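Some notes on the structure that comes next.
This structure is a prediction, so every number in the text was calculated from the model and none was measured.
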Amino acid sequence: MASSNSFKLRCSIPGHEMDVRGLATAIFPEGAFVSVSRDRTGRVWVPNSSSPDTGFSEMHCMSGHSNFVSCVCVIAPSETYPRGLFATGGNDNNICVFTLDQPQPLYTLEGHKNTVCTLSSGKFGTLLSGSWDTTAKVWLNEKCMMTLQGHTAAVWAVTILPEQGLMLSGSADKTIKLWKAGRCERTFTGHEDCVRGLAVISNTEFLSCSNDTSIRRWQVTGECIQVYYSHTNYIYSLAVFPDSQDFISTGEDRSLRIWRQGECCQTIRFPAQSVWCCCVLPNGDIAVGASDGIIRIFTESEDRMASAEDLQAFEDELSKATIDPKTGDLGDIKLEDLPGREHLNEPGNRDGQTRLIKDGQKVEAYQWSVSDGRWVKIGDVVGGSNQQTSKSVMYEGKEYDYVFTIDVNEEGPSMKLPYNVTDDPWLVAHNFLQRNDLSPMFLDQVANFIIENTKGHVVGPAQIGGGDPFTGGSRYVPGSSNDGSGFSADPFTGAGRYIPGSSSNASAPSGVADPFTGKGAYSSAAQRQTSTNIYFPKTDGVTFEQANAPQIIAKLKELNEGAPREHKLSDDTMGSLEQLLLVVCGANSPETPPTIQQISLLWKVSHWPEDIVFPVLDILRLAVRHPQVNESLCGEAEGVQLCNHLLSLMRPDGRPANQLLALRTLCNSFSGRHGRALLVSQREAVLSRAADLAAVFNKNIHIALATLVLNYAGCFHIQPDLDAKAQCLSVASRALETVQDKEAIFRLLVALGTTVASDQTAQDLARSLGVGSQISKYSTVSEPSKLGECCQLVLKELQ
């Protein structure tokens with residue numbers, strides 16, 4: 001069979017709907033492999049029956065996890081299961097074990113207290129698992145035989161060595177541990193960041209990879225005998241070629257790298273940022289899974305390579321990718337220093353070498369292919385320093401794009417204001433005023449001066465006129481009406497109609513001046529850790545205030561007209577609900593409090609059929625902010641009933657509108673003393689149920705979930721409770737695996753910051769969960785600027 005000595009694409013398998021997080025070679029059928037994904041499924045792939053040298057077909061789909069599936073391994077055949085078993089670990093803390101005969105698990109292993117992120121199988125059906133809960137567990141015959149405790153952070157990688165009884169675990173605490181009979185025999189140190197993957201070479205040697213961009217080769221006696229460098233970002237996975245010491249690796253630098261005789265001999269780039277996993281098939285082909293949900297197979301065999309058209313299509317897809325230089329993969333980029341296209345006429349020095357060239361005002365990235373003898377485009381570079389047009393100015397030993405002279409008054413001295421176009425003008429203005437002890441009244445004036453005098457060179461929109469980081473006071477909310485009512489137009493008629501939860505805006509109680517806008521506050525000066533940390537700890541509850549009482553009542557009347565006779569509300573009941581809504585929205589005189597009868601009626605009607613109850617829940621959401629309603633519904637006697645009712649509406653198979661409004665009601669309950677006490681007492685049940693809603697793909701639900709975690713974090717910052725903080729960290733970390741909306745991510749970051757602020761134990765716990773690595777990708781986000789700034793502050797707490 002002809003071999004090209006260089007791997008090329010064999011086929012692409014778009015079989016998953018989300019990131020492919022794990023791959024493993026199957027024992028049966030021949031040539032098959034199994035994949036798992038964030039879409040909660042595992043899939044078995046077999047070579048096409050008609051043309052086995054080309055593609056693969058899905059043979060079996062497995063489902064059983066209630067959250068993302070993170071890892072997979074194959075359990076060797078036994079007398080009972082001659083075709084072997086598949087084990088999968090997930091973010092639901094469980095391990096599911098499957099046969100090829102049915103889509104549901106044969107059995108489920110429960111015991112870990114957090115995400116199961118790595119699995120390995122050994123002789124006699126032994127299964128080894130590693131988890132974010134900092135432990136590894138050994139399973140046999142559906143039972144946990146022992147728990148391996150010793151790591152101080154999440155266990156990201158495990159493997160079982162060929163010699164019976166020897167096991168390895170790699171952790172976010174930067175160490176690898178060798179275990180025998182449940183006891184730690186040796187600890188390997190050398191990596192400078194989280195250990196993410198392990199692979200066995202022989203009875204006496206193994207490989208490890210890390211977030212520190214290195215691969216290390218170890219002897220089980222403890223010596224590190226070689227360190228391999230080539231990756232430019234986190235390395236996630238390793239796999240060793242059969243009967244060989246050569247291996248492959250994948251990582252966050254969009255690449256698969258092939259290593260032969262200790263050297264990286266080939267680099268294959270992907271049109272996806274995160275290349276999560278890889279495995280070597282029995283015929284020597286390579287399977288790779290990435291964040292775009294596609295599995296790609298690469299081969300050395302010319303007989304199995306894709307057609308010229310498919311190879312060109314893959315290259316074209318790669319060339320259209322965009323590369324953010326903030327990842328650090330390409331080094332510092334200055335447009336004026338880059339060569340033109342003629343530089344591509346010069347051959348590269350090694351396979352995978354990258355070269356940047358300028359084409360007008362664009363920057364393109366190319367990679368040298370030894371096998372093709374040419375430069376292959378791997379993407380366009382966007383958002384780098386090449387976008388800047390101003391020249392650097394030195395000020396106090398640092399380079400800035402601008403250094404302005406500010407004259408605040410005629411009698412005082414001039415003041416210098418340094419500024420880079422990547423900065424947020426509002427934050428720079430705020431820091432300038434604080435540094436020079438000037439009134440926040442000047443904030444708008446200074447920020448607008450920066451914007452006007454940088455000729456529009458602002459990265460990301462400025463929050464002109466006031467953008468509270470929590471309320472989004474002046475930010476665009478898709479679908480919301482211009483009058484700020486927070487209700488979007490009817491998606492069918494275009495008319496302004498009541499849609500529950502259409503606004504994601506929330507408001508916080510007012511206090512001192514907002515350091516960004518000089519307007520309504522969300523964080524008092526006494527709460528700030530430093531002069532620039534305006535984000536956390538945040539201890540006053542964030543609530544959802546937006547309302548349009550006439551539209552809520554109109555929708556309630558409309559649904560009441562079509563309600564079954566036994567559920568139809570009388571005119572008196574409708575009048576009482578309308579009166580209550582006006583009272584809690586402040587439309588009536590403050591001397592007219594809600595009556596006990598109105599509150600009792602609201603509680604009764606909140607049990608309307610679930611398909612029509614949502615406007616009543618919206619009234620409940622607004623009502624619990626009122627002190628009297630808060631005391632009546634959240635008090636000792638009734639509070640647990642309210643909590644249970646809201647949790648029943650939040651079940652994963654519930655209606656999204658009800659889930660959203662139940663979450664918002666819980667958030668608003670924090671505004672009263674009785675509501676806070678109730679939610680603290682019911683914390684475990686509430687956060688457990690709320691965490692399940694991270695898997696619902698609805699950005700408003702995600703924002704409400706993040707706000708609930710944030711409000712809990714604020715409570716436990718004031719009244720420390722390690723178990724409670726651990727749950728806040730766990731729920732926030734799990735939510736960040738799913739949530740894409742930037743406002744929700746921001747609130748989760750503030751929740752993390754509030755949880756760990758000034759608490760060493762909580763910080764250690766966050767490190768053990770790998771929170772720093774998980775959130776680091778947000779530290780360079782510039783739009784909105786508050787996201788990157790808050791992330792940097794959280795990372796600073798975790799240093």
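No side-chain heavy atom of Val240 sits under 4.5 Å from any side-chain heavy atom of Val200. Side-chain contact between Gln245 and Ser202: absent, with no pair of heavy atoms (C-beta onward) separated by less than 4.5 Å. For the pair Leu23/Trp276, no side-chain contact is recorded, criterion being any heavy-atom separation below 4.5 Å from C-beta on. Ser171 places none of its side-chain heavy atoms less than 4.5 Å from the side chain of Val195. Proximity of Thr754 to Tyr712: side-chain heavy atoms (C-beta onward) are nowhere separated by under 4.5 Å. With a 4.5 Å cut-off on side-chain heavy atoms, Ile235 and Arg257 do not count as touching. Residues Asp101 and Arg83 have side chains in contact (heavy-atom distance under 4.5 Å, counting atoms from C-beta outward). Here the side chains of Phe33 and Ile295 are in contact, with some heavy-atom distance below 4.5 Å.
In this structure, the side chain of Ser131 engages the main chain of Thr115 through a donor-acceptor pair within 3.5 Å. The closest donor-acceptor contact from the side chain of Thr25 to the backbone of Val280 lies under 3.5 Å. Using modelled atom types, one side-chain atom of Lys725 and one backbone atom of Thr755 make a donor-acceptor pair closer than 3.5 Å. When atom types are taken as modelled, the side chain of Arg186 and the backbone of Thr221 share a donor-acceptor pair closer than 3.5 angstrom. Although no hydrogens or angles enter the test, the distance criterion places no donor-acceptor pair under 3.5 Å between the side chain of Ser779 and the main chain of Cys791. Within the 3.5 Å criterion, the main-chain N or O of Ala199 finds no donor-acceptor partner in the side chain of Thr159. Side-chain N or O atoms of Ser121 include one that pairs as donor or acceptor with a backbone N or O of Val74 at under 3.5 Å. Judged by distance alone, with hydrogens and angles left aside, the side-chain atoms of Gln774 form no donor-acceptor pair with the main-chain N or O of Leu736 at under 3.5 Å. Side-chain N or O atoms of Arg196 include none that pairs as donor or acceptor with a backbone N or O of Ser237 at under 3.5 Å. At least one donor-acceptor pair under 3.5 Å links the side chain of Asp253 to the backbone N or O of Thr232.
Within 6.0 Å of atom CD in Glu263, 12 or fewer heavy atoms from other residues, nucleotides or ligands are found, so the atom counts as exposed in its surroundings. For CD of Gln719, the number of neighbouring non-hydrogen atoms (other residues, nucleotides, ligands) closer than 6.0 Å is 12 at most. Within 6.0 Å of CD on Gln261 lie no more than 12 heavy atoms contributed by other residues, nucleotides or ligands. More than 12 non-hydrogen atoms from other residues, nucleotides or ligands lie less than 6.0 angstrom from CD of Gln226. The neighbour count for Lys174 NZ, taken as heavy atoms of other residues, nucleotides or ligands under 6.0 Å away, does not exceed 12. No more than 12 heavy atoms of other residues, nucleotides or ligands sit less than 6.0 Å from atom CD of Glu17. Around atom CD of Glu684, no more than 12 heavy atoms belonging to other residues, nucleotides or ligands sit under 6.0 Å away.
Once rounded to the nearest 0.5 Å, the distance linking CG of Leu793 with CG of Leu749 reads 10.0 Å. Once rounded to the nearest 0.5 Å, the distance linking OG of Ser773 with OH of Tyr234 reads 4.5 Å. Here the straight-line distance linking atom OG1 of Thr135 with atom CG of Leu148 works out to 8.0 Å at 0.5 Å rounding. Put simply, CD1 on Ile248 and CD1 on Ile258 are 7.0 Å apart, with the number rounded to the nearest 0.5 Å. Rounded to the nearest 0.5 Å, atoms CH2 (Trp132) and OG (Ser733) are 4.0 Å apart. Separating the CG atom in Asp292 from the CZ atom in Arg254 is a distance of 11.0 Å, to the nearest 0.5 Å.
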Worksheet item: Given the rule in the side-chain contact (heavy atoms from CB on, under 4.5 Å) test, do Phe188 and Cys224 qualify, once you have shown the distances and angles that lead to the verdict?
Response: CA-CA 8 Å; Phe188 303 78; Cys224 176; over 6 Å; no
Item to complete: Apply side-chain contact (heavy atoms from CB on, under 4.5 Å) to Thr175 and His151, showing your working.
Response: CA-CA 8 Å; Thr175 71; His151 285 293; 3.4 Å; yes
Item to complete: Before giving the answer on side-chain contact (heavy atoms from CB on, under 4.5 Å), spell out for Val44 and Met62 the whole-Å C-alpha distance, their side-chain angles and the decisive distance to 0.1 Å.
Response: CA-CA 8 Å; Val44 179; Met62 302 170 287; 4.1 Å; yes
Item to complete: Go through the steps for Met167 and Val158 under the test side-chain contact (heavy atoms from CB on, under 4.5 Å), then give the verdict.
Response: CA-CA 7 Å; Met167 301 177 178; Val158 295; over 6 Å; no
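Judged purely by distance below 3.5 Å, without hydrogens or angles, the side chains of Thr707 and Arg747 pair a donor atom with an acceptor atom.
Taking every heavy atom of both residues into account, Phe536 and Val750 meet most closely at CB-O, 4.0 Å. Of all the heavy atoms in Cys277 and Gly22, the pair that sits closest is SG-N, 3.5 Å. For Ala287 against Leu281, the heavy-atom pair with the smallest separation is CB-CD2, 4.5 Å. A pairwise comparison of heavy atoms in Met650 and Leu693 identifies O-CD2, 3.3 Å as the closest pair. Across all non-hydrogen atoms, the minimal contact from Ser255 to Val275 is N-CG2, 3.6 Å. Between Glu797 and Ser758, the shortest heavy-atom distance links the atoms OE1-N, 4.0 Å.
Between His231 and Trp259, the two ring planes are tilted [angle within 30° to 60°].
The only option from His112, Lys113, Gln149 that meets the side chain to side chain donor-acceptor pair (under 3.5 Å) definition with Asp133 turns out to be His112.
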